[in-house]
Number of protein chains: 2
Amino acid sequence: MSRGQETKQRLLDSAQHLMYSRSYSDVGVQEICKDAKVQKGSFYHFFPSKSALTVEVLEQLKMQMIESILLPAFAKDLTPAKRFERFIDYAYQYQVQLKEQYGYVLGCPMGNIALEMSTQDETIRKKVEMLFESIFLVFIDVLEDAQDAGELDSDTDINELAQAALAYGEGVLMLAKTRNDPQLIKLLLPRVAHLIGLKAR
Amino acid sequence: MSRGQETKQRLLDSAQHLMYSRSYSDVGVQEICKDAKVQKGSFYHFFPSKSALTVEVLEQLKMQMIESILLPAFAKDLTPAKRFERFIDYAYQYQVQLKEQYGYVLGCPMGNIALEMSTQDETIRKKVEMLFESIFLVFIDVLEDAQDAGELDSDTDINELAQAALAYGEGVLMLAKTRNDPQLIKLLLPRVAHLIGLKAR
DNA sequence: GGTTGACTTTACCGAACGGTCAATTATTAT
DNA sequence: ATAATAATTGACCGTTCGGTAAAGTCAACC
């Protein structure tokens, strides 16, 4: 990685961590630069605006989430139901770690930005919309497997189910963040099985 | 209402509408004052800080929501299942109206603030936590009715169910806001019946 | 070895931020 | 009528905001 790319990466990493632990608006370009040990002029050499930086942060977030959580959790070595359980465990462990680290359950980094920015920055809203799409695809994949395995009725609308599951996951993370209590994830998320009608077999 | 109380009310109303349609951070004290036609000095006569104003806005929000949506939707003139259907209809209609008015689905005003402010302002986080509690109570009430009517198994944990339902509702609203599409509410929310295991009778 | 272009540094912009304050005007109670 | 209190006004504070401009540094390529 060239010198310039390293600088850009430091900016992305600083922005990601600062915005996730606080919010888009509360973190200024100045603070991101200071954290990344980069001058403001350099920031605007790499990014035309704070908004553009954020879109790239979101892309990076998506890749990291897919690689480090979604793919391992939904690997096809287990039954669909067990994969969901593993995913819930991942999510729980992660929020526990965040709470130890920051003192707060931070919830979903995409959901946070979505609710804060959707009415104010159309390119950010569109980007989050696409990220959610990527998660759908993963969910749909598991649900198809579940259907093939007979754990799901063959006439159910997989696409709708995937959206419902995502919504429920985001909602549970919101509640956990509001209560600042990761236990809620363990308590509530398993119920996703009822939501999508997974049959125990 | 005395002259002072009218001024205070105008500040609360302006703040509520501005923050809901944008965000806490994006709306400044200055703009709230301008919208309410009040001088800045008066603002700080009535509220010690922007944060304190927001807590009162949240309280007002709760009262309005209970009075104009929760109580009418969950009135005991219908079966529990039908009440949920009516509630979904209310939520859908409301977001449709918001989209016509502002061009955007605004989602849940409490959820929005919760995700934006929970890690930054403890008194706001606590306040939203309490608002969610109030909604639980309403849900628990319906669920008890459902249990009495035999539409719910008698050994199910009502409290947990109420939380799951709230989480799902918030999640669906988040998705609807991110997609800027109120239809999602109509598509996804009815599935709350599966989530809480309501038997059709 | 000189040129090019990517990268960095520093100083700067006007505007807005949340909040303070003292002086002034209305209102109310005595 | 007057004293006390409630409400309003408008100027002001230091700081930060997102973004700009221009000069300077450095490595790579010809």
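Letters A, B, ... mirror the listed sequences (proteins, then strands); counts begin at 1.
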Could you check which of C/dT8, D/dT9, D/dA7 has an atom nearest any side-chain atom of B/S42? D/dT9
Below 4.0 angstrom from OP1 or OP2 of D/dT20, is there any side-chain N or O of A/Y44? no
Between A/Q30 and D/dT16, does any side-chain N or O lie under 4.0 Å from OP1 or OP2? no
B/F47 atom CZ is separated from D/dA7 atom P, nearest whole Å, by 12 Å
Nucleotide C/dA16, atom P - distance to CG of A/D26 in whole Å: 20 Å
Do B/K40 and C/dG19 share a donor-acceptor pair, side chain to base, under 3.5 Å? yes
Starting at CZ of A/R22 and ending at P of D/dC17, how long is that distance when rounded to a whole Å? 9 Å
Looking at D/dT8, I'd like to know if its phosphate oxygens (OP1 or OP2) sit under 4.0 Å from a side-chain N or O belonging to B/H45. no
Counting only side-chain N and O atoms of B/T7, is one of them less than 4.0 Å from OP1 or OP2 of D/dT8? yes
Output yes when B/D153 and B/K199 qualify as a salt bridge under the 4.0 Å nitrogen-oxygen rule, no when they do not. yes
In whole Å, I'd like the distance from the CD atom of B/Q5 to the P atom of C/dT27. 15 Å
Quick check against the 3.5 Å criterion: does A/R86 have a side-chain atom that pairs as donor or acceptor with the backbone of A/A73? yes
So how far is it from B/S51 OG to B/K127 NZ, rounded to the nearest 0.5 Å? 12.0 Å
Starting at atom CD1 of B/I32, determine the distance to atom P of C/dG19, rounded to an integer number of angstrom. 11 Å
Any side-chain to backbone donor/acceptor pair from B/S118 onto B/R125? Under 3.5 Å, distance only. no
Rounded to whole Å, the NZ-P distance (A/K34 to C/dT8) equals 20 Å
Kindly state whether the ring of A/F47 and the ring of A/F43 have centres lying under 6.0 angstrom apart. yes
Side chain B/K50 and base C/dG19 donor-acceptor under 3.5 Å: no
Can you tell me the distance, in whole Å, between the CG atom of A/D121 and the C1' atom of D/dG18? 13 Å
When all nucleic acid strands are considered with a 4.0 Å heavy-atom cut-off, which category describes A/G41: base, sugar-phosphate, or nothing? base
Tell me whether the side-chain N/O atoms of B/Q39 come closer than 4.0 Å to OP1 or OP2 in D/dG10. yes
note: B/F46, atom CZ; C/dG18, atom P; distance rounded to Å ~ 19 Å
